[in-house]
Amino acid sequence: MSVKDRITQWVRPEVQALSAYHVADAAGLIKLDAMENPFDFPAALKAELGADLRDAAINRYPDPDAGAIRAALRELYSLPDAVDMLFGNGSDEIIQILAMAVAGPGRTILSVEPSFVMYKMIATFIGAEYVGVPLNDEFQIDAQATLDAIKRHQPALVFIAQPNNPTGNLFDDETLRQIVALSPGLVVIDEAYTAFTDADYMSWASEYDNVVVMRTFSKVGLAGLRFGMLFGAQEWIEQLNKVRLPYNINCLTQNAVLTAIRHFPAFVKQTEALREQRSWLSAKLEEVAGVSVYPSEANFILVRVDLPAKSVFSEMKKRGVLIKLLDGGHPKLAGCLRLTVGSHEENEAMLKALIEALESVRG
Ligand code: PMP
């Protein structure tokens, strides 16, 4: 039997039908495609980071509960005693843990669309039904359609990214409360972009017994570490912990996270600079003819161009700037590009590349 035949016979058909998560090659380009913080680990802290990594007990398995991080985060986020935590190798792994805990025949995972693609991908990986309810044309939640879908499908899990990726906006609070009230299972408020908004849903983790709040250090400047967090009632965390692989947070990550938490104000300073850059960039983009700019509470800006977006994307790449092409990913994202907010120099270069690309495509 050939390898191809074995694959056809044994790899689950829904996995065979998937395309792997695509990561663009950014070699030699200004990288504004993945919502990374453009600033390096603060230079003044690098020696301390080096010492903390050197001192890691690398011959031993790491602390399975990451107890020191637990205590540090409790203080950093002023968590009430009733809120417990679970950590993942990025919040991607937490999405997978949540999905694995509920998956089974007839179980549904629901989100809105367009939103973070991993909700749907992971639902598919683990063999759950996935329902994506379209957002309206302003990228707000269509309350009626979403509540109807929750009633009909009785989802085990609902994922809401707040603010949303790739649209950048916050959803209306009242609609979210209705979703929580009607959901029979668990609602995950994904605050991946919390550093770039004043909105804060952490209190919902104690206010509602079917809400958990997810965060990540990726967008704050530590994407390379892969460290995500889930906050919720102890009863939920206890169940989720059963499907988490032991030692999923390695000891180097644990030590680096502790260094970062000790110096969190340095990262807050970087994210504040990015918020200023977001305002500057939004205002500049508004002046560009043929570009519609969507409001953003995250470290990226969604724009729609009145020309073939794929050509604009390619022309920008030719000029040394990598952004994210969204056109083609979802019908509501026709003509859309997602621009990560970078340093001032990067943003200037991106803006110049965009203007030139538009001119070139317009011909
Ligand atoms: N949630 C949302 C809304 C995101 O946009 C992302 C990253 N693009 C993630 C979760 C995953 O983040 P990470 O795995 O790096 O923590």
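All ligand and atom numbering here is 1-based and tracks the order in the structure.
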re atom 12 (O) of ligand 1, the protein heavy-atom contact at minimum distance is Ser91 OG, 3.2 Å
Numbered atoms of ligand 1 (with element) below 4.0 Å of Ser218, judged on heavy atoms:
13 (P), 15 (O), 16 (O)
Less than 3.5 Å apart, which donor and acceptor atoms pair up between the side chains of residues 125-139 and the rest of the protein, not counting sequence neighbours?
{"unit_1": "Tyr130", "atom_1": "OH", "unit_2": "Glu113", "atom_2": "OE2", "d": "3.3"}
{"unit_1": "Asn136", "atom_1": "OD1", "unit_2": "Glu138", "atom_2": "N", "d": "2.9"}
{"unit_1": "Asn136", "atom_1": "OD1", "unit_2": "Phe139", "atom_2": "N", "d": "3.1"}
{"unit_1": "Asn136", "atom_1": "OD1", "unit_2": "Gln140", "atom_2": "N", "d": "2.9"}
{"unit_1": "Asp137", "atom_1": "OD1", "unit_2": "Lys332", "atom_2": "NZ", "d": "3.0"}

Does Tyr193 reach ligand 1, in the sense of a heavy atom lying below 4.0 Å from it?
yes
Just by distance, no angles: are the side chains of Asp5 and Gln9 close enough, under 3.5 Å, to form a donor-acceptor pair?
no
Below 30° counts as parallel, above 60° as perpendicular, anything between as tilted: where do the rings of Phe159 and Tyr119 land?
parallel
For Phe196 and Tyr193, take the angle between the two ring planes, folded into 0 to 90°, and tell me which bin it lands in: parallel under 30, tilted 30 to 60, perpendicular over 60.
tilted
Aromatic contact, Phe217 with Phe264 (centres under 6.0 Å)
yes
Give me the nearest non-hydrogen protein atom to atom 2 (C) of ligand 1 as residue plus atom name, then the distance to 0.1 Å.
Asp190 OD2, 3.3 Å
State whether a side-chain donor-acceptor pair under 3.5 Å links Gln254 with Asp63.
no
Considering only heavy atoms of Gly90, which atoms of ligand 1 have at least one such atom less than 4.0 Å away?
14 (O), 16 (O)
Hey, is Glu93 one of the residues with a heavy atom under 4.0 angstrom from ligand 1?
no
Any chance CG of Asp209 has more than 12 other-residue heavy atoms, nucleotides or ligands included, within less than 6.0 Å?
no
Near Arg226 (heavy-atom distance under 4.0 Å), the atoms of ligand 1 are 13 (P), 14 (O), 15 (O)
Considering only non-hydrogen protein atoms, determine which one is nearest to atom 6 (C) of ligand 1 and report residue, atom name and distance to 0.1 Å.
Phe116 CZ, 3.4 Å
Which residue and heavy atom of the protein sit nearest atom 7 (C) of ligand 1, plus the separation:
Lys219 NZ, 2.8 Å
